2 protein chains.
Amino acid sequence: MANEPPNPPQRRTGTATAADVARLAGVSVSTVSLALSGRGRVSEKTIRHVRSIAEQLGYVPNAQASSLRRQVTHRIALVVPDIGNPVYVAVAKAIQREAKQRGYYVLLISTDNVEGADVDALHLLRNGHVDGMVLIAIRPSGELERQLGRIHKPICVIGKVPGGLGVDHVEVNSTRGVGLAVEHLLEQGRSRLVFVNGPLDTNPARLRLQGYLEAARRAGLEERVVSCAFTLQGGYAAVDEVRARFPDADALVCANDLIGIGALKRLRELGVRVPEDVAVTGIDDIPECQICSPTLTSVALHAGERGRMAAQMLLNRLSGEAPAAPLRVVVEPSLVVRGSTGGRP
Amino acid sequence: MANEPPNPPQRRTGTATAADVARLAGVSVSTVSLALSGRGRVSEKTIRHVRSIAEQLGYVPNAQASSLRRQVTHRIALVVPDIGNPVYVAVAKAIQREAKQRGYYVLLISTDNVEGADVDALHLLRNGHVDGMVLIAIRPSGELERQLGRIHKPICVIGKVPGGLGVDHVEVNSTRGVGLAVEHLLEQGRSRLVFVNGPLDTNPARLRLQGYLEAARRAGLEERVVSCAFTLQGGYAAVDEVRARFPDADALVCANDLIGIGALKRLRELGVRVPEDVAVTGIDDIPECQICSPTLTSVALHAGERGRMAAQMLLNRLSGEAPAAPLRVVVEPSLVVRGSTGGRP
DNA sequence: AGGCGGTGCTCAATCGTTTTAGCATAGCCC
DNA sequence: GGGCTATGCTAAAACGATTGAGCACCGCCT
């Protein structure tokens, strides 16, 4: 009997590895790696040869192994409060586009109002599932801040960040945003404004309330505030509360567009004319503002743009192109007038 | 001078590893792994000890290394045509929830109408970034099918799959769905229907056209079809084409909700009353159907449910709980009557 | 001829975890 | 006391790529 061949075909169930390519090409594994990555000095001839064998075998370098060795995963995480909200879809889309362009994949986490889900998400960084993270956390949490301080991996927060916590972030002057809405309504001759806010345990709601209070004070208006969830249903239900508590209201300043659109729906059902009887404004300028009826005047907070910038800051850090100091970007809001306040419909 | 300690503290910049824990606990790395994972025979005492040291060091097992060794990443990919479309957001949300529940992370890819982006996404499986994939591809592509056939990793397709390609999939009878809409309009006394379809090079458009043609034939209707993009803008523009080619139309059967809502907007601008002058129906039953005006009658294709089932099929396969034969699930559509066809508004 | 530098490739260590095989030690029974 | 089985731990080999060090070899110069 002949000797066993030293390297039997060894039909693997899985994919070809660099070792398989090396064997067939008659070179070492190192050469395969160097040839395909183009990182070392390898002759043109060998490169072509290895490449052709690799192609023939359908060889693709294993990302796990590569990641382990190079300590880089080429993945980032995006943590949003609720992917069902079009605002965060805009952010996700922008980030995904930016990441793809630079060779990164995006892991999406929607915390869906679950207590502590944002803190849990930081595990992705700890255990090395991802290289960095864009985090949108709307509920202030001491625990989250503490953990943020401990982690020494690139993170970019979209939203307010307590000073001293040296982390990159991009924020928007939403306080000023509410001011824009209020001023617009005053110009339109409204004077009995009600602010329909989101849950007060969230950052956006606090900042926006502050904006309303400042603007109301400046204008000498009575302070009228109602609170509900940041959802269509919230806005829908809030209308009834407004009518009970402030029957003479002639304008609703809603803390986001979902509330505004929900309110529009309820007002229509009640036969209240918008904008004739009551004007309505929203915040965020989601695409839905253009399809509801009447179209919703809103304050654009440029979510897509913020997502894009956050992604860029994060990716720059990952490629070491960023300065050591934590970066901060502030975006300015802008008013978009539509039918619900008497603009062109 | 005393000897150097055999194991200097060795301040790592990164995270603690199992070796660090082992050193401090005075046991071997194997024991650390076995103690923390609870897979081997380790005494209670040792387990407690190792656990406390690990906690103290903030040790978290590295996912890369673990994945490499165990050949499992605990990640799946979700590939959708456009995350900007609320239908796919519903799918994403359902899948993310299901995945999280079973300890998996979701990598999101939006192909955004880029040629070949779906085929590219399969690389995620090849290179081991993820264990499995849920794929929604709406543009039929020989290349995609060929690649799908080659890959021997769990995939679940949402949508039509050519027979013989033995891959798990969940589909919806959208042909029948269009039939439901047509029948509803006929019952409402409409007779001059126009089908506003999406791009004919997509699967959904073909299937829905077929549904319209069958229903029209059954009812003895003239075949009237217009085509546009599956977007708000598409529907908006399509109205003008309809009015030019079929001025007497009394109903628009739209191939998805975005088209329908876009059409509503244009009709309103033109002073055409809905549903009095023209009735409109959509398909998908996205949440926006309830906020536009009038509310849009639609055919629910249960996107969230399909996503949930796809995720379950995929995750079952990954945990080896699935039978060898490829699975197929079919979801039935259901009509949701609203204001745009004269239902309660 | 000897030395030197460059080229092209390989060796072997490394990343951090999991897991199999195996080695002590202790306890038990007769 | 001798054999036998559990028990509790460790050594070492994976997983698959990357990479710094190093080894042949060739050509060139003096």
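Please read these numbers as outputs of a predicted model, since none were measured by experiment. Note: hydrogens, waters and symmetry copies are ignored here, and every other heavy atom, side chains too, is used. Below, chain A is the first sequence line, B the second, and so on; all start at residue 1.
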Step by step, would you call A:Arg317 with A:Asp168 a salt bridge (charged side-chain N to carboxylate O under 4.0 Å, His left out)?
-> CA-CA 10 Å; A:Arg317 272 231 184 275; A:Asp168 288 345; 2.7 Å; yes
Start with the C-alpha gap between A:Arg51 and A:Leu36, add the side-chain angles, then the distance that decides, and say whether side-chain contact (heavy atoms from CB on, under 4.5 Å) holds.
-> CA-CA 7 Å; A:Arg51 214 174 256 164; A:Leu36 294 180; 4.2 Å; yes
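Taking a 4.0 Å limit (strictly below) on heavy-atom distances, residues 31-53 of chain A reaches DNA chain D at A:Ser33, A:Leu34, A:Arg39. The stretch residues 56-69 of chain B touches DNA chain D through B:Leu68, B:Arg69, each having a heavy atom within less than 4.0 Å of the strand.
Computed from coordinates, the A:Arg23 CZ to D:dG16 P distance equals 11 Å when rounded to whole Å. With rounding to whole Å, A:Asp20 atom CG is found 13 Å from D:dA17 atom C1'. Put simply, CZ on B:Arg70 is 14 Å from C1' on C:dG16, counting in whole angstrom units. Going from atom NE2 of A:His129 over to atom C1' of C:dG16 covers 14 Å, rounded to whole Å.
Note that CG of A:Leu108 and OH of A:Tyr88 are 13.0 Å apart. Values are rounded to the nearest 0.5 Å. For the atom pair CZ of B:Arg139 and CG of B:Leu144, the computed distance is 12.5 Å after rounding to the nearest 0.5 Å. In this structure, the separation between CD1 on A:Ile155 and CG on A:Leu314 is 9.0 Å, given to the nearest 0.5 Å.
For A:His74 and A:Tyr105, the ring centers are positioned 6.0 Å apart or more.
For the residue pair A:Ala99 and A:Val106, the shortest heavy atom distance occurs at CB-CG2, 3.6 Å.
Remark: A:Arg75 engages no residue in a salt bridge (charged side-chain N to carboxylate O under 4.0 Å, His left out) (not counting sequence neighbours).
The side chain of A:Ser30 sits closest to C:dA12 out of D:dT10, C:dA12, D:dC15.
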